[in-house]
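Heads up, the thing below is written out as structure tokens.
Every chain is numbered from 1, with letters handed out A, B, ... down the list of sequences.
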Number of protein chains: 2
Amino acid sequence: MRIGELAERTGTTTRTLRYYESRGLLSARRTGNGYRAYGEDDVRLLRQIRLLQDFGFELEETRPFVECLRAGHPAGDSCPASLEVYRAKLAELDECIAGLQAVREQVGAQLARAELESAAGEPRCELTPDPN
Amino acid sequence: MRIGELAERTGTTTRTLRYYESRGLLSARRTGNGYRAYGEDDVRLLRQIRLLQDFGFELEETRPFVECLRAGHPAGDSCPASLEVYRAKLAELDECIAGLQAVREQVGAQLARAELESAAGEPRCELTPDPN
DNA sequence: GTAGACCTTGACGCTGACGTCAACGCCAGC
DNA sequence: GCTGGCGTTGACGTCAGCGTCAAGGTCTAC
């Protein structure tokens with residue numbers, strides 16, 4: 001199949017496919033007129049890439065999965081290198097989540113404090129009953 | 001004080017300060033020779049910006065805090081607009097954390113499955129005792 | 001034979017928050 | 001007067017993952 005069909009079947013764009021090729025993640029035979037030609041393997045390969053991309057993996061991180069598939073393994077994560085990427089990503093996610101939760105607490109504390117100060121400060125600027 | 005001293009006192013760089021000025025977050029008087037001149041107010045203003053930046057706020061999101069301080073309020077979050085930014089950021093953080101946790105679970109599941117398949121598949125490629 | 005849908009390469013644009021460099025002016029100390 | 005350290009503006013570079021054009025070639029259907 002040609003690049004347009006592959007793009008459509010994998011829910012991406014021709015630009016993206018050419019970009020992947022420029023990054024060495026995808027390769028294509030060429031027909032007589034210079035058009036790129038793809039097969040079903042490429043569909044599987046792209047579905048693997050897109051799945052990982054949806055998880056937030058960087059393109060470079062998908063490379064072991066791609067190479068694993070190209071080596072003829074049944075799944076992109078049949079190789080130890082892919083499992084390592086999984087584990088590294090889990091650690092990264094945990095770190096990221098923990099960082100965000102810490103920030104969330106700090107921002108929440110700032111908001112609570114500011115709301116308190118606002119509630120205490122505003123009445124002085126308005127016509128509120130004098131405690132006397 | 002001049003730009004170098006302000007940068008040093010706020011733990012940033014002159015480039016950053018000029019960038020903030022280009023974004024309208026910072027303003028400076030000019031001395032006779034064209035040098036920027038800053039006061040203590042600018043130090044406070046920058047500390048406010050840097051605090052929010054450390055929390056992961058975008059520069060634009062610090063603008064209400066900056067304007068609040070410039071309006072003469074004691075704190076950058078003394079104004080309702082700033083509190084709104086806090087609340088929006090909390091919602092954004094919650095959404096982001098939830099998304100990351102969902103991804104974490106999916107990646108974890110992929111890893112578990114791949115490890116199982118790997119444990120089941122590998123022995124077939126090696127010299128394992130035949131069940132017969 | 002020509003319109004239109006596909007394909008090719010190459011190159012610039014985008015986002016954010018600056019880093020880095022160029023080419024120059026100002027000012028203090030020796 | 002000259003070296004060194006500050007300051008100035010302007011412009012391009014960085015990171016990722018493409019989007020979007022430009023200028024053309026190819027193939028199909030009418």
**Message:** What is the separation between atom CZ on A:R18 and atom P on C:dT9, rounded to the nearest whole Å?
**Reply:** 7 Å

**Message:** It should be established whether B:N33 places a side-chain nitrogen or oxygen under 4.0 Å from OP1 or OP2 of nucleotide C:dC27.
**Reply:** yes

**Request:** Would you mind checking if A:R2 and A:E5 are paired as a salt bridge, meaning a charged N to carboxylate O distance below 4.0 Å?
**Result:** no

**Message:** What contact category does A:R36 fall into here, base, sugar-phosphate, or nothing, at under 4.0 angstrom with non-hydrogen atoms?
**Reply:** sugar-phosphate

**Message:** Which residues in residues 84-102 of chain B have a heavy atom closer than 4.0 Å to any atom of DNA chain C?
**Reply:** none

**Asked** Are any of the side-chain nitrogens in A:R44 or A:E40 under 4.0 Å away from the carboxylate oxygens of its partner?
**Response** no

**Request:** Calculate the interatomic distance between A:Y35 atom OH and C:dC6 atom C1'; express it in whole Å.
**Result:** 6 Å

**Item:** Interatomic distance where OH belongs to B:Y19 and P belongs to D:dG10 [whole Å]
**Value:** 17 Å

**Fill in**
Testing C:dA17, D:dT9, C:dT9 for proximity to the side chain of B:E58, the answer is C:dA17

**Request:** May I ask you to evaluate whether B:T13 reaches the phosphate of C:dC18, defined as a side-chain N or O under 4.0 Å from OP1 or OP2?
**Result:** no

**Request:** Ignoring backbone atoms, test whether B:R2 places a side-chain nitrogen or oxygen under 4.0 Å from the OP1 or OP2 oxygen of C:dC26.
**Result:** no

**Message:** Is B:Q53 close enough to C:dC18 that one of its side-chain N or O atoms is under 4.0 Å from OP1 or OP2 there?
**Reply:** yes

**Request:** Using five base pairs at each end, measure the axis-to-axis angle across the helix from C:dG1-D:dC30 to C:dC30-D:dG1 and round it to 10 degrees.
**Result:** 40°

**Prompt:** Think B:Y20 has a side-chain N or O under 4.0 angstrom from the OP1 or OP2 of C:dC18?
**Reply:** yes

**Request:** Using whole Å, report how far CD of A:E8 lies from P of C:dA5.
**Result:** 14 Å

**Prompt:** If you measure from CZ on A:F57 to NZ on A:K89, what distance do you get to the nearest 0.5 Å?
**Reply:** 5.5 Å

**Request:** Measure from CZ on A:R30 to P on D:dG25 and round the result to the nearest Å.
**Result:** 17 Å

**Request:** Please confirm whether the backbone N or O of B:G76 pairs with a side-chain atom of B:S82, one donor and one acceptor, at under 3.5 Å?
**Result:** yes

**Request:** Please report, rounded to the nearest Å, how far the P atom of D:dC6 is from the CD1 atom of B:I3.
**Result:** 13 Å

**Asked** When the distance from CE of B:M1 to C1' of D:dG7 is rounded to whole Å, what number comes out?
**Response** 16 Å

**Message:** Please tell me if A:T16 has a side-chain N or O lying less than 4.0 Å from either OP1 or OP2 of D:dG19.
**Reply:** yes

**Interatomic distance, B:L25 CG vs C:dC18 P [rounded to whole Å]** = 10 Å

**Message:** Any side-chain N or O of B:R15 below 4.0 angstrom from OP1/OP2 of C:dA17?
**Reply:** no

